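Written below as structure tokens is the structure these notes are about.
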Amino acid sequence: MGFEDLEPVFGEARVERESKQSGPSDRFLFHVHAADPSRLAIHVTDFHSSSTWEAVRSVMQLEDMRDDIGIGGPWSEFMDYVLASFKSQDVKLILDGHSDLDNGPAYAKLVAQKTKGMPLISISLTKLTGSAASAAIANLSLQLFKAFKSTHELYVEGEQDRSIRLTKMISAERERSESIQSQLEQYSKGQKLQKTNSSDKAGVSSLLNNGLQSPEKQAARDTGSTKVASRVVPAHRRARVRGVLLQDTEDNEDEKKQ
């Protein structure tokens with residue numbers, strides 16, 4: 001039930017004044033943090049010593065506030081709700097009255113609500129003056145800078161990690177692209193070689209079909225063609241040959257009779 005691991009909360013409170021008189025500023029920042037392991041501290045300021053406020057609550061005081069609000073459950077859940085309320089967008093600083101010392105507001109309270117309809121966290125504040133106010137402003141400024149620096153460092157580390165991951169991804173994609181390109185080139189070369197072999201085979205087959213055969217077969221083919229040509233005789237020549245043979249036969253018979 002301590003505050004050893006409490007993460008500080010910074011925010012801007014929306015100012016509401018009970019009186020019609022306005023102050024020097026309506027922009028107030030607040031800082032919720034652990035004053036020590038057993039006390040919770042809240043500082044609110046517009047960075048003027050006349051408008052700086054403080055609240056310090058022990059664990060027992062917060063338990064009493066918890067009972068008044070009516071929030072049950074474990075202590076950790078209650079503190080989570082308190083911090084979530086101060087992290088919300090609905091945090092108000094209510095100012096009222098006038099102080100005889102600086103003519104500023106004499107009373108203030110910080111009111112926070114996690115969401116509409118949920119219980120209100122209302123904490124009365126005490127005005128700080130003189131060196132106490134200056135110390136509170138200085139501490140808030142320093143803690144705010146530390147929080148900003150820590151956030152910035154985390155952001156830079158995150159961006160560096162992201163850059164490294166992206167570089168690795170790009171390198172892997174480049175290697176993958178180069179591998180695919182190499183495979184495509186090999187495939188293209190294989191296709192060209194296959195086409196060339198097919199063309200050569202087709203040329204050889206064509207030459208063979210056009211008569212590019214062995215000398216023996218070519219000679220046999222030429223001989224056969226010659227024989228066929230010698231046997232073929234035109235019709236009119238055949239008739240003349242038969243007439244001559246018939247005439248020769250008749251003359252021979254006459255000669256025999258004589």
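In this text, all values refer to a predicted model and were calculated from it rather than measured experimentally.
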Q: Check whether more than 12 heavy atoms from other residues, nucleotides or ligands sit under 6.0 Å from atom CZ of Phe47, and answer yes or no.
A: yes
(Q) Is any side-chain heavy atom of Thr45 closer than 4.5 Å to one of Trp53? (A) no
Q.
If I take atom CD from residue Gln186 and atom CD from residue Gln183, how far apart are they, to the nearest 0.5 angstrom?
A. 7.0 Å
Q) Taking atom CD of Gln89 as the centre, does the number of heavy atoms from other residues, nucleotides or ligands within less than 6.0 Å exceed 12? A) no
Q) Are Ser88 and Asp90 close enough that a side-chain donor and a side-chain acceptor fall under 3.5 Å? A) no
Q | Met60 side, atom CE; Ser38 side, atom OG - distance, nearest 0.5 Å | A | 10.5 Å
Q) Does some side-chain heavy atom of Leu83 sit less than 4.5 Å from a side-chain heavy atom of Phe78? A) no
Q. Side chains of Ile71 and Glu77: does their closest heavy-atom pair fall under 4.5 Å?
A. no
Q | Test side-chain contact (heavy atoms from CB on, under 4.5 Å) applied to Glu12 and Arg27, step by step | A | CA-CA 7 Å; Glu12 182 177 3; Arg27 304 283 310 261; 2.5 Å; yes
Q: Would you confirm whether Thr167, through its side chain, and Ser163, through its main-chain N or O, come within 3.5 Å as a donor-acceptor pair?
A: yes
Q | Verdict with reasoning, Glu16 to Arg14, per salt bridge (Lys or Arg N to Asp or Glu O under 4.0 Å) | A | CA-CA 7 Å; Glu16 290 186 3; Arg14 179 166 51 87; 3.1 Å; yes
(Q) Check whether Thr151 reaches the backbone of Ala147 with its side chain - one donor and one acceptor, N or O, closer than 3.5 Å. (A) yes
Q.
Go through it in stages, so that I can follow the logic: the residues are Gln113 and Ser85, the test is side-chain contact (heavy atoms from CB on, under 4.5 Å), and I'd like the CA-CA distance, side-chain angles, deciding distance and then a yes or no.
A. CA-CA 5 Å; Gln113 188 177 31; Ser85 297; 5.7 Å; no
Q.
Just checking Asp5: does its CG atom have more than 12 heavy atoms from other residues, nucleotides or ligands closer to it than 6.0 angstrom?
A. no
Q. What do the steps show when you test Ile69 against Ile121 for side-chain contact (heavy atoms from CB on, under 4.5 Å), and what is the final call?
A. CA-CA 8 Å; Ile69 296 173; Ile121 303 299; 3.6 Å; yes
Q: Taking the side chain as every heavy atom from C-beta outward, state whether Asp36 and Phe3 have any pair of such atoms under 4.5 Å apart.
A: no
Q: Could you state whether Phe30 and Leu140 fall into the same hydrophobic cluster, counting links through intermediate Ile, Leu, Val, Met, Phe, Trp or Tyr residues with side-chain heavy atoms under 4.5 angstrom apart?
A: no
Q) Around Glu159, counting heavy atoms of other residues, nucleotides and ligands shown, do more than 12 lie under 6.0 Å from its CD? A) yes
Q: Any chance you could measure Arg174, atom CZ, to Ser179, atom OG, to the nearest 0.5 Å?
A: 14.5 Å
Q | Side-chain heavy atoms of Gln143 within contact of His31, under 4.5 Å | A | yes
**Q.** Common cluster, Phe86/Ile94, ILVMFWY with side-chain heavy-atom separation under 4.5 Å
**A.** no
Q. Applying the 4.5 Å side-chain criterion to the ILVMFWY set and letting contacts propagate, would Leu144 and Phe148 be lumped into a single cluster?
A. no
Q: Would you check if Arg165 and Arg162 make a side-chain contact, meaning some heavy-atom pair closer than 4.5 Å?
A: yes
**Q.** Hydrophobic cluster identity match, Ile42 and Val59, side-chain contacts under 4.5 Å
**A.** yes
Q | Side chain proximity check, Asn139 to His33, heavy atoms < 4.5 angstrom | A | yes
Q) Are Val9 and Leu120 in one and the same hydrophobic cluster, where Ile, Leu, Val, Met, Phe, Trp and Tyr link if side-chain heavy atoms are under 4.5 Å apart? A) no
Q: Could you list the residues that satisfy side chain to side chain contact (heavy atoms under 4.5 Å, CB included) with Ala136, not counting sequence neighbours?
A: His43, Thr52, Leu128
Q: Could you please spell out the steps behind the side-chain contact (heavy atoms from CB on, under 4.5 Å) verdict for Met65 and Ile123?
A: CA-CA 9 Å; Met65 183 180 72; Ile123 298 179; 4.1 Å; yes
Q: Look up atom OG in Ser134 and atom NE2 in His48, then write down how far apart they are to the nearest 0.5 Å.
A: 12.0 Å
(Q) I need the Ser171 OG to Leu166 CG distance, nearest 0.5 Å. (A) 12.5 Å
Q. Do you know which two heavy atoms are closest between Phe28 and Asp46, and how far apart they sit?
A. CD2-N, 3.5 Å
Q. Going by heavy atoms in the side chains, are Leu110 and Val91 under 4.5 Å from each other?
A. yes
(Q) Strictly distance-based, threshold 3.5 Å: is any side-chain N or O of Thr115 a donor or acceptor partner for the main-chain N or O of Met118? (A) no
Q) Does Gln61 reach the main-chain N or O of Ser58 with its side chain, forming a donor-acceptor pair under 3.5 Å? A) yes
Q) Hey, what do you get for OG (Ser124) to NZ (Lys109), rounding to the nearest 0.5 Å? A) 7.0 Å
